[in-house]
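Just so you know, these numbers come straight off a predicted model, no measurement behind them. When a residue number appears, it is its place in the shown sequence, counting from 1.
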Amino acid sequence: MVNPNKRVKRPTGLGEVFKYQKDEDDNIFTLPIIPLLKDNYIYIYRSIQENNFYIREDETCFFFKEIVYENEVVGFATYRTSSFEENALVMQHIYVLPEFRGNHLLQEELDEATLLFESSIIIESPNRYIIESLLKHRLARVFDNRIVVSRIPFIVPLVNQEELNKGTYLEDYDLSKTNGRSKVSLIYDLELCAVVGLAQDDEDRDYTDDVKTDDIANYNNMSLAYKIDDEKFNCIEKRNNDSWIKEGTYYENVRKIVNDNDEIIQNWLSII
């Protein structure tokens, strides 16, 4: 019997990459993430369960990439195509076994994926730990001790303001309600554990389901909270008691912080 705790070895130090398949009619068959983990990396799957790492049971990916450290597979990253940019891929998930974190593996994965796929990378619905790793590796900066600006874009599903007001968790939200609508942003609020999308026309309007697709860019939005972020950082209570939100000035204040630091941000983002 195979030892379920034995890690997969890669003597060359290089992780394998699994990709979607096409049939003779050009039908695309993506990779089911959970079954792939169960069948090939049961020790990683068990760690995911123990640490409440969220992956939908029916979720699939275009690419599944092993993360290798000292010739052992210690994690993985999954990617899908992007509807926002032709030459970009969306990193849906990245997971590293807890005992191997702190070894610059997120930064290495971003660099490797950019070169391997010849694409820029967008991170989907990052949790607070991803943001802290980006900050650690100088891929993001904090302004006013709260608002993060990232070199790596984030993409999040657009949800009705009512769901945000109710404190709905991302894990409990039916993503089919978004009709595939999403928004890209470089901004994250450390206090509320939220990706923040600002309206492009500088008007502070909350996003609702009746907004026309062509107008999405002109509405503010915030991402739903993860359960793990709420457990570790109490972000739902902070959202409920945030003075900016209570005063109705939240997006205005975030915009002011970004605008006040615009020259610094633009110079920093322009550094290769």
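Side chain of Asn103 to main chain of Phe100: a donor-acceptor pair is present (N/O by atom type, distance under 3.5 Å, no hydrogens or angles). For Arg128 (side chain) and Ala194 (main-chain N/O), no donor-acceptor pair under 3.5 Å exists by modelled atom type.
A side-chain hydrogen bond (donor to acceptor under 3.5 Å, both in side chains) check over residues 17-26, counting only residues at least two apart or in different chains, returns the pairs Asp23-Asn27.
By the criterion of side-chain heavy atoms lying less than 4.5 angstrom apart, applied directly or through intervening Ile, Leu, Val, Met, Phe, Trp or Tyr residues, Ile257 is grouped together with Ile264 in one hydrophobic cluster.
Around atom CD of Glu237, no more than 12 heavy atoms belonging to other residues, nucleotides or ligands sit under 6.0 Å away. Under a cut-off of 6.0 angstrom, the local environment of CD in Glu263 is sparse, with at most 12 non-hydrogen atoms contributed by other residues, nucleotides or ligands. At most 12 non-hydrogen atoms from other residues, nucleotides or ligands lie less than 6.0 angstrom from CD of Glu118.
Annotation: salt bridge (Lys or Arg N to Asp or Glu O under 4.0 Å) contacts of Asp172 (sequence neighbours excluded): Lys227. Legend: residues meeting ring-ring contact (aromatic ring centres under 6.0 Å, His included) with Tyr226, ordered by chain and number and at least two apart, are absent. In this structure Tyr95 satisfies the side-chain hydrogen bond (donor to acceptor under 3.5 Å, both in side chains) test together with Ser47, Asn51, sequence neighbours excluded. Listed by chain and number, the residues in a side-chain hydrogen bond (donor to acceptor under 3.5 Å, both in side chains) with Thr30 are Thr60 (sequence neighbours excluded). Under the side-chain hydrogen bond (donor to acceptor under 3.5 Å, both in side chains) criterion, Ser243 pairs with no residue at all, not counting sequence neighbours.
Atoms CD and NE2, from Glu124 and His93 in turn, are 7.0 Å apart once rounded to the nearest 0.5 Å. Here SG of Cys235 is found 4.5 Å from CG of Asp230. Values are rounded to the nearest 0.5 Å. Atom CG of Leu134 is separated from atom CZ of Arg141 by 14.5 Å, given to the nearest 0.5 angstrom. Rounding to the nearest 0.5 Å places CD1 of Ile55 at 5.5 Å from CG of Leu37. How far CD of Gln161 is from CG of Asn221: 9.0 Å, rounded to the nearest 0.5 Å. Rounded to the nearest 0.5 angstrom, Tyr251 OH and Asn220 CG are separated by 5.5 Å.
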Next item on the list: Start with the C-alpha distance between Phe18 and Phe63, add both sets of side-chain angles, then the distance that settles ring pair (Phe, Tyr, Trp, His ring centres under 6.0 Å), and finish with yes or no.
Entry: CA-CA 6 Å; Phe18 302 93; Phe63 300 98; over 10 Å; no

Item checked: salt bridge (Lys or Arg N to Asp or Glu O under 4.0 Å) between Glu191 and Arg239, intermediate numbers included -> CA-CA 8 Å; Glu191 187 73 11; Arg239 294 183 187 205; over 6 Å; no

Margin query: Determine whether Val73 and Ile44 satisfy the following criterion, side chain to side chain contact (heavy atoms under 4.5 Å, CB included), listing intermediate values before the conclusion.
Written below: CA-CA 9 Å; Val73 178; Ile44 295 178; 4.2 Å; yes

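Side-chain contact between Thr114 and Ser120 is absent, with no heavy atoms from C-beta onward closer than 4.5 Å.
Aromatic ring centres of Tyr41 and Phe76 lie farther apart than the 6.0 Å criterion allows.
A cation-pi arrangement is absent between Arg80 and Phe62, since the terminal nitrogen or guanidinium carbon is not both under 6.0 Å from the aromatic centre and inside a 45° cone about the axis. A cation-pi arrangement, defined by a distance under 6.0 Å to the six-membered ring centre and an angle within 45 degrees of its axis, is present between Arg146 and Trp244.
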